[in-house]
Amino acid sequence: YPLNPAATAGTMSMDRIQKYLEDFYHLEKDGKQFVRRRDSSPVVTKIQEMQRFLGMKVTGKLDDDTMEMMKKPRCGIPDVSS
Amino acid sequence: FSFFPYMPKWRNNEVTYRIVNYTPDMNEPDVDAAIERALKVWSDVTPLTFTRLSEGEADIMISFSVKDHGDFLPFDGPGGVLAHAYPPGPKINGDVHLDDDEKWTEDTTGINLFLTAAHEFGHSLGLLHSSDTAALMYPVYNSNTDLTRFRLSQDDIDGIQSLYGYPSDSPDDPVPPTTSTEQEKPEGDPETCDPNISFDAVSTLRGEMLFFKDRHFWRKSINTIEPQLHLLSAYWPSLPSGFDAAYELTTKDMVFFFKESKFWSVRGSDIQPGYPKDIHTLGFPRTVKKIDAAFFDKGKQKTYFFVNDVYWRYDEKRQSMEHGYPRNIVTDFPGVDKNIDAVFEAFGFFYFFSGSFQFEFDPNAKMVTRTLKSNSWLNC
């Protein structure tokens, strides 16, 4: 793959998005580049789970509202128990 | 609201805390005050009390740190994760870690220490996150919270009281009345102070004592003099009356009711799904048709079931009947040699009810220490 500029969605790095879903919604770590799997069903499912838990519109997409929410300061404990 | 797996909670309502170090962002007395206020948020709605230690190991150790601080959950610099905490238990469990890369303040110009600490203490007491956006236990920090009039949401209160019950001096019912008839005195009341009264079953429930008789029961809180008489149907309309036995499994905040070969489980006024079940699923032989009395020994995590002149012991951890039973009651409980109507454990004693008498049994001395009238708890 050509070297991507730092892949971002809105103003949040893909790494941070991936870490958010891993840390708080137990997204499985599989070593693949997140930018390539962001539309895969596991990731979409986790985005939907997060949007549902936090009371947002459930789109499964990394839309602006979702980005905004992910940037907000929060507690470090997962939102769902593993 | 939600709980950590296996619903860990503090066994002892007297919880200790210690402020291990301070943030340079605030004066130490202001940190002390914010922590104290954040703990009071929870002690106001539960029987919990919080005692501060200045050294040694406290249940809740509160510390400020940055990045990697030794628990495999490094902080992430300013913003992002503000803090984390661990559920009730030994060592790191119960502890609160605050990210000192945040700007901690008394107001909301930075990250408000009171608000964040109150949330983290929810975890230290056993609550996980809530999806109720108005709840303190909602995971995302809300800088618009009105700190001058802060109140827990009902979701927070319901969650923490499911774990610890009500404040000990609260007049609130641990089992909310389900019908208006709750206030009317039930017709045909049994005479509370009839010297010959006997009970079908007795149990504890979230710090109260319940005495069951036909269609009625008395509720006695340790903090009130007068017992309250209620109709069973006002709390558990779908349960039969005239129980044979009842006991509280305090580790799960449940009460089990037995009648003939069936038993039910309730949490507060909610009957648990999947009940009634057959008592033989607990491991009783088919020869046992009903249970006379039962109680849960918290210390041993075992439930004792009494049938005629013998008893069985059930291991609540392994969820199975223990081997070597039944045993004769009189062998292990000398002096308790009558057919038992009911039994419960209180203040370290076992109280066996038989007809209009009850025997106070000291399990350490292995002897009956007092014989009382059955209704001695009802302020007669």
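Since the model is a prediction, treat every value here as computed from it, not as a measurement. In what follows, chains carry the letters A, B, and so on, assigned in the order in which the sequence lines appear, proteins first and then strands, with residues in each chain numbered from 1.
Not a single ring pair (Phe, Tyr, Trp, His ring centres under 6.0 Å) links B/Tyr141 to another residue, sequence neighbours left out.
Ranked by non-hydrogen atom pairs under 4.5 Å with chain B, the options A/Gly55, A/Cys75, A/Gly76 are led by A/Cys75. Between chain A and the residues B/Ser2, B/Ser130, B/Gly79, B/Ser143, the most heavy-atom pairs under 4.5 angstrom are made by B/Ser130. Most heavy-atom pairs under 4.5 Å with chain A: of the set B/Leu128, B/Asn142, B/Ile111, this distinction falls to B/Leu128.
Shortest non-hydrogen contact noted between A/Met50 and A/Tyr20 is SD-CE2, 4.0 Å.
Look at A/Glu22 and A/Lys19 and you find no salt bridge, because none of the NZ, NE, NH1 or NH2 atoms lies under 4.0 Å from a carboxylate O. Looking at A/Asp23 and A/Arg74, no side-chain N of the basic residue comes within less than 4.0 Å of a carboxylate O on the acidic one, giving no salt bridge. The pair B/Asp32-B/Arg52 meets the salt-bridge criterion, with a side-chain N (NZ, NE, NH1 or NH2) lying under 4.0 Å from an Asp/Glu carboxylate O.
Proximity to chain B (any heavy atom under 4.5 Å) is shown, for A/Arg52, by neither the backbone nor the side chain. Contact of B/Glu120 with chain A is made through the side chain alone, with heavy-atom distances under 4.5 Å.
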